[in-house]
Amino acid sequence: MRTQVAIIGAGPAGLLLSHLLAQGGVDSVVLETRSEEYVAARIRAGILEHSSVELLESAGLGARLRAEGDEHRGIYLQWPGERHHLDFVNLTGRSVWVYGQTEVQKDLIAARRAAGQEIHYEVSDVELHDLEASPYVTYTDSNGRSARIDALAVAGCDGSFGVSRKAVPAAETFERVYPYSWFGILADVAPSTDELIYAWHPDGFALHSMRSATVSRLYLQVPNGTDPQFWSDDQIWDALATRLGHGQNGWKLTPGPITDKSVLPMRSYVQTPMRHGNLFLAGDAAHIVPPTGAKGLNLAIADVALLSRALVARFAGKDDRLADAYSETAQRRVWRCTHFSWWMTTMLHTSGDPFDAQLQLSQLRWVASSEAGATGLAENYAGLPIFL
Ligand code: RFL
Ligand code: PHB
């Protein structure tokens with residue numbers, strides 16, 4: 001098999017890249033270890049920032065998002081006794097959209113299928129070869145047969161556990177592991193809030209998010225290593241009610257049937273450079289952010305917006321300048337989002353240290369009461385332009 005770009009991974013980064021490349025006249029083949037059903041059903045991020053929505057829309061992927069997604073003007077920040085709304089539209093002119101990654105993934109799969117994109121699911125033994133000269137990828141297909149793809153470039157979009165990240169020799173890595181995790185639930189109940197609530201509480205952080213008018217998504221800070229089965233549904237709702245301020249100023253949290261429980265560890269990780277010869281990394285393959293800033297999916301989208309432009313210029317326009325600048329250009333945004341996600345995380349999660357708690361509350365009061373503080377958060381949350 002021969003193609004211009006071999007894309008490893010059919011998550012949002014890989015599928016959106018194949019879509020944007022096709023629109024620029026560059027062909028690709030996508031390899032994915034999981035099944036299509038598994039990839040389409042994974043529950044992950046929920047927030048699209050302004051520029052991600054613009055990009056999806058300009059790529060012809062915005063119809064269902066606009067019809068079924070929910071535009072939010074901002075978020076609530078709260079701590080015991082106080083809840084403040086930050087209005088991103090007033091502060092920065094930009095909104096965010098609640099539209100689950102699961103839905104983005106389904107839209108991408110549908111669009112790529114309609115375009116006849118070659119996607120090989122349930123492959124194994126993926127290996128990358130000769131990346132500095134004539135790249136090729138070998139793998140075992142879903143029928144157990146050995147296969148090979150020769151390409152002009154390889155795009156590593158295979159997430160944090162893939163093979164691409166490890167194929168960059170002498171990469172520099174930066175990492176921060178946090179001493180807590182997120183316990184996430186999905187519940188068949190109308191959200192108790194119109195916009196997301198990020199809550200600081202002495203028992204730990206809590207977040208009230210949502211997926212639709214009838215499905216809520218909520219999170220609790222828990223110690224690392226927590227087994228979700230040790231929490232009964234009643235314990236989960238009680239902890240959420242306490243941390244989210246049920247009963248304060250008449251606000252009520254309505255519980256409902258829990259349909260999914262999972263624990264998500266928190267990590268910041270950046271690997272640089274995002275390129276080795278003809279291999280280019282994008283999305284979680286190159287960086288991980290803790291979910292507090294809602295940046296993981298948006299960063300993956302921003303990476304492939306840059307990478308598709310660079311590869312189209314390289315293969316359709318015979319111009320290497322954008323490809324040569326890719327890693328450095330992408331890293332500017334990666335580090336901005338890495339800082340913002342770390343800042344939101346450390347401002348909102350309790351560490352057990354009373355000094356930290358006072359600093360966090362002081363910071364929260366400042367962000368909620370100062371236009372400069374609120375604008376800083378809003379600019380980062382609602383998102384910077386894709387091409388910084
Ligand atoms: P993905 O979505 O992980 O997709 C990578 C794809 O590559 C496949 N793969 C391989 N394919 C071929 N060969 C190999 N050797 C392969 N190894 C792996 C995988 O099966 C997968 O399909 O990365 P991508 O496209 O870069 O997209 C990034 C986003 O998915 C990610 O940043 C966010 O989902 C992060 N994230 C969350 N972000 C939030 O903002 N809020 C959340 O609530 C949130 N929840 C999550 C998350 C990430 C999670 N992961 C990765 C463990 C929950 C989870 C469980
Ligand atoms: C989600 O809805 O899953 C979500 C929303 C905001 C975050 C993280 C996750 O910061």
Side-chain angles (χ1 to χ4, degrees), residues 6-18 29-36 38-49 52 70 72 75 96-102 104-105 108-109 119-128 137-140 154-167 181-186 191 195-198 205 207-212 215-219 260 262-267 269 281-304 307 334 337 340-341 344-345 348 381:
I7 299 177
I8 317 299
L15 290 184
L16 181 58
L17 180 63
S18 75
V29 172
V30 182
L31 295 182
E32 166 62 51
T33 45
R34 303 289 195 158
S35 68
E36 181 177 324
Y38 181 91
V39 166
R42 264 187 311 218
I43 301 162
R44 289 190 176 173
I47 298 283
L48 289 174
E49 61 187 45
S52 299
D70 199 10
H72 285 196
I75 57 165
V96 295
W97 282 70
V98 170
Y99 190 64
Q101 181 168 333
T102 318
V104 175
Q105 183 82 37
L108 282 165
I109 290 174
I119 307 178
H120 300 275
Y121 288 100
E122 297 180 75
V123 305
S124 52
D125 311 320
V126 176
E127 283 180 33
L128 315 184
V137 181
T138 55
Y139 62 98
T140 305
V154 177
C157 301
D158 47 353
S160 48
F161 303 110
V163 294
S164 304
R165 166 186 290 186
K166 298 177 208 122
S181 302
W182 274 19
F183 186 171
I185 63 157
L186 209 56
E195 297 193 340
L196 274 62
I197 306 170
Y198 286 80
F205 169 73
L207 171 64
H208 190 329
S209 181
M210 58 203 71
R211 285 293 176 271
S212 70
V215 177
S216 297
R217 176 85 168 142
L218 299 107
Y219 298 95
D260 188 84
S262 60
V263 170
L264 174 67
M266 317 259 283
R267 192 156 79 102
Y269 176 91
L281 302 181
D284 277 17
H287 40 72
I288 306 289
V289 286
T292 327
K295 287 292 165 218
L297 171 61
N298 293 294
L299 261 185
I301 291 174
D303 280 355
V304 298
L307 182 55
V334 168
C337 294
F340 177 65
S341 305
M344 286 285 279
T345 300
L348 286 161
Y381 195 107

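Every number for a ligand or one of its atoms is a count from 1 in the order of the listing.
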4.0 Å heavy-atom contact, [X] with ligand 2:
X	answer
Trp182	yes
Met344	no
Arg211	yes
Leu207	yes

Contact check: Pro291 vs ligand 2, nitrogen or oxygen atoms, below 3.5 angstrom: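 Yes, at least one N or O pair falls under 3.5 Å.
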Mind checking whether Tyr381 has an N or O less than 3.5 Å away from an N or O of ligand 2?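 Such a contact does not occur with ligand 2.
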By side-chain contact (heavy atoms from CB on, under 4.5 Å), which residues pair with Thr345, not counting sequence neighbours? Tyr178, Tyr180, Met266, Pro290, Thr292, His349
Counting each atom of ligand 2 from 1 as listed, which ones have a heavy atom of [X] under 4.0 Å away?
X	answer
Arg44	3 (O)
Ala294	6 (C), 7 (C), 10 (O)
Ile47	5 (C), 6 (C)
Tyr198	6 (C), 7 (C), 10 (O)
Leu196	5 (C), 6 (C)

Measure the acute angle between the ring planes of Trp182 and Phe205, then classify it against the limits of 30° and 60° as parallel, tilted or perpendicular.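 Rings of Trp182 and Phe205: parallel, under 30°.
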Classify the ring geometry between Tyr139 and His120 as parallel (under 30°), tilted (30 to 60°) or perpendicular (over 60°).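 If you compare the ring of Tyr139 with that of His120, the planes turn out tilted.
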Evaluation steps, side chain to side chain contact (heavy atoms under 4.5 Å, CB included), between Val334 and Asp303: CA-CA 9 Å; Val334 168; Asp303 280 355; 4.2 Å; yes
Backbone N or O of [Y] within a donor-acceptor pair of the [X] side chain at under 3.5 Å?
X	Y	value
Asp125	Thr140	no
Asp70	Val98	no
Gln105	Ala10	yes

So which heavy atom in the protein is nearest atom 3 (O) of ligand 2, and how far is it from that ligand atom? Tyr219 OH, 2.5 Å
Heavy-atom side-chain contact between Val104 and Leu16 under 4.5 Å: no
Check: Lys295 and Met344 side chains under 4.5 Å, non-hydrogen atoms: no
In order of chain and number, which residues sit within 4.0 Å of ligand 1 by heavy atom?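 The 4.0 Å shell around ligand 1 contains Ile8, Gly9, Gly11, Pro12, Ala13, Leu31, Glu32, Thr33, Arg34, Arg42, Arg44, Ala45, Gln101, Val126, Cys157, Asp158, Gly159, Gly162, Val163, Tyr219, Leu264, Gly283, Asp284, Pro291, Ala294, Lys295, Gly296, Leu297, Ala300.
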Start with the C-alpha gap between Ile197 and Leu207, add the side-chain angles, then the distance that decides, and say whether side chain to side chain contact (heavy atoms under 4.5 Å, CB included) holds. CA-CA 6 Å; Ile197 306 170; Leu207 171 64; 5.9 Å; no
